[in-house]
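Remarks on the structure that follows.
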Amino acid sequence: MASTAPVVRHARREDVPAILGLIRELADYEHALDSVEATEETLAATIAFAPSDSSVVSPSPETGLPITEPVSPSKPARCLVLTDPESGVVVGMALYFYNYSTWRARPGIFLEDLYVKQSERKKGYGKRLLVELAKEVEAMKGGRLEWNVLKWNEPSIKFYESEAIGAQMMSEWVGMRVDGEGLPKLAKLLD
């Protein structure tokens, strides 16, 4: 008999095609599909994966943190995947990395992308992924879980600000970024 609950686990190498598919779906939803540069090869090289035989989130008994390949500057990300309880197919993901709060002197998690397939929404899957991330922040004695959301994405903003999730919009902060041709230009600014 199939389980009625979705399985949330850290991604394994064999999940890379599904992760890329979800990234592309998210980019399409955000009207930015042409901006996706990720490939299966680049994802495989930059995500810290769980062992192939791991089927559930299995925190270390010593730390309460996930058992994956170590994160590093060249492999900074981890990814939770959520599988459909009947088919076992990956239908959602939370791709994240660690950050740090200088004022709190505590680590945290930055959620780069949270995505659940359109056909699988309203089943509590996004909430389930956020709960697992919050558990990891608590296990590492972290200070916060944070992410960005596009201003026009009202359904997501309402979900995040709901009483259940309890996120607060950080309206006093403005995101800044240097990328593309600007990055090497900045790197050579004082040469």
Side-chain angles (χ1 to χ4, degrees), residues 5-11 15 18-38 43 46-48 57 65-66 71 76-85 89-104 106-180 182-183:
V7 172
V8 176
R9 59 175 171 75
H10 277 86
D15 295 317
I19 294 167
L20 181 58
L22 292 171
I23 290 169
R24 293 184 63 77
E25 284 183 36
L26 172 60
D28 189 43
Y29 174 75
E30 294 181 349
H31 313 295
L33 186 56
D34 291 344
S35 297
V36 176
E37 296 178 11
L43 291 173
T46 55
I47 296 173
V57 174
L65 296 172
V71 292
R78 285 193 167 130
C79 185
L80 287 175
V81 293
L82 184 141
T83 61
D84 176 78
V89 172
V90 173
V91 297
M93 68 163 189
L95 203 146
Y96 67 99
F97 55 89
Y98 299 108
N99 61 10
Y100 187 77
S101 169
T102 53
W103 291 4
R104 295 177 182 179
R106 293 170 70 186
I109 285 180
F110 186 87
L111 173 60
E112 179 67 19
D113 283 319
L114 176 70
Y115 187 73
V116 175
K117 286 180 165 284
Q118 295 264 1
S119 62
E120 303 300 317
R121 303 227 174 124
K122 305 291 185 197
K123 297 181 180 181
Y125 292 172
K127 187 181 302 180
R128 177 69 191 269
L129 287 162
L130 287 170
V131 164
E132 293 302 328
L133 288 174
K135 286 179 181 178
E136 186 171 336
V137 173
E138 288 206 324
M140 63 195 239
K141 296 179 178 44
R144 62 184 174 214
L145 170 60
E146 58 190 338
W147 61 93
N148 295 322
V149 60
L150 289 168
K151 290 179 182 180
W152 60 258
N153 193 344
E154 285 297 321
S156 292
I157 292 170
K158 286 179 182 174
F159 168 65
Y160 297 143
E161 291 183 328
S162 70
E163 189 174 324
I165 305 300
Q168 298 172 359
M169 191 176 298
M170 304 296 291
S171 58
E172 68 275 10
W173 292 88
V174 174
M176 304 295 289
R177 176 181 299 162
V178 177
D179 64 1
L183 193 56

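Quantities reported herein were computed from a predicted structural model and do not represent experimental measurements. Position 1 is the first residue of the sequence; numbering continues from there.
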- Query: Can you list the steps and then say if L145 with F110 is a side chain to side chain contact (heavy atoms under 4.5 Å, CB included)?
  - Reply: CA-CA 6 Å; L145 170 60; F110 186 87; over 6 Å; no
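- Closest non-hydrogen pair, L20 versus A38, comes out as CD1-O, 3.6 Å.
- Heavy-atom neighbours of E138 CD from other residues, nucleotides or ligands within 6.0 Å: at or below the threshold of 12.
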- Query: Could you walk me through whether D15 and R9 pass the side chain to side chain contact (heavy atoms under 4.5 Å, CB included) check?
  - Reply: CA-CA 11 Å; D15 295 317; R9 59 175 171 75; 2.6 Å; yes
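- Once rounded to the nearest 0.5 Å, the distance linking CZ of R128 with CG of L133 reads 11.5 Å.
- Remark: N148 CG to M170 CE distance equals 10.5 Å, nearest 0.5 Å.
- For the pair E136 and I109, the minimum side-chain heavy-atom distance is below 4.5 Å.
- Using a 4.5 Å cut-off on side-chain heavy atoms (C-beta onward), V71 and R78 make contact.
- Here the shortest heavy-atom pairing between R104 and G143 reads NH1-O, 2.7 Å.
- Scanning all heavy atoms of the two residues, the minimum distance from P85 to A5 falls at CB-O, 3.3 Å.
- Minimum interatomic distance between P76 and F97 (heavy atoms only, all atoms of both residues): O-CB, 3.4 Å.
- Between E120 and K117, none of the side-chain N atoms (NZ, or NE/NH1/NH2) sits under 4.0 Å from a carboxylate O, so this pair counts as no salt bridge.
- Open room surrounds CZ on R24; 12 or fewer heavy atoms of other groups in view lie less than 6.0 Å from it.
- A 6.0 Å sphere centred on CD of E172 holds more than 12 heavy atoms belonging to other residues, nucleotides or ligands.
- Between L80 and L95, the closest side-chain pair of non-hydrogen atoms is not below 4.5 Å.
- Here CG of L111 is found 9.0 Å from CG of L129. Values are rounded to the nearest 0.5 Å.
- Between L82 and M93 there is no side-chain heavy-atom pair separated by less than 4.5 Å.
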- Query: Passes side chain to side chain contact (heavy atoms under 4.5 Å, CB included), I23 versus L43? Steps please.
  - Reply: CA-CA 11 Å; I23 290 169; L43 291 173; 3.9 Å; yes
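- With a 4.5 Å cut-off on side-chain heavy atoms, V8 and V81 do not count as touching.
- Side-chain N or O atoms of R106 include one that pairs as donor or acceptor with a backbone N or O of K141 at under 3.5 Å.
- Side-chain contact check for Y96 versus C79: every heavy-atom pair is 4.5 Å or farther apart.
- The shortest side-chain heavy-atom distance between F159 and L130 falls under the 4.5 Å cut-off.
- Sorted by first and then second residue, the salt bridge (charged side-chain N to carboxylate O under 4.0 Å, His left out) pairs involving residues 146-168 (not counting sequence neighbours) are R144-E146.
- In summary, the aromatic rings of Y160 and W147 are positioned with their centroids under 6.0 Å apart.
- Within a 6.0 Å radius of NZ in K123, more than 12 heavy atoms belonging to other residues, nucleotides or ligands are found.
- Using modelled atom types, one side-chain atom of N153 and one backbone atom of S156 make a donor-acceptor pair closer than 3.5 Å.
- Separating the CD1 atom in I47 from the NE2 atom in H10 is a distance of 11.0 Å, to the nearest 0.5 Å.
- Using a 30° and 60° split on the angle between ring planes, Y29 and W152 fall in the tilted class, from 30° to 60°.
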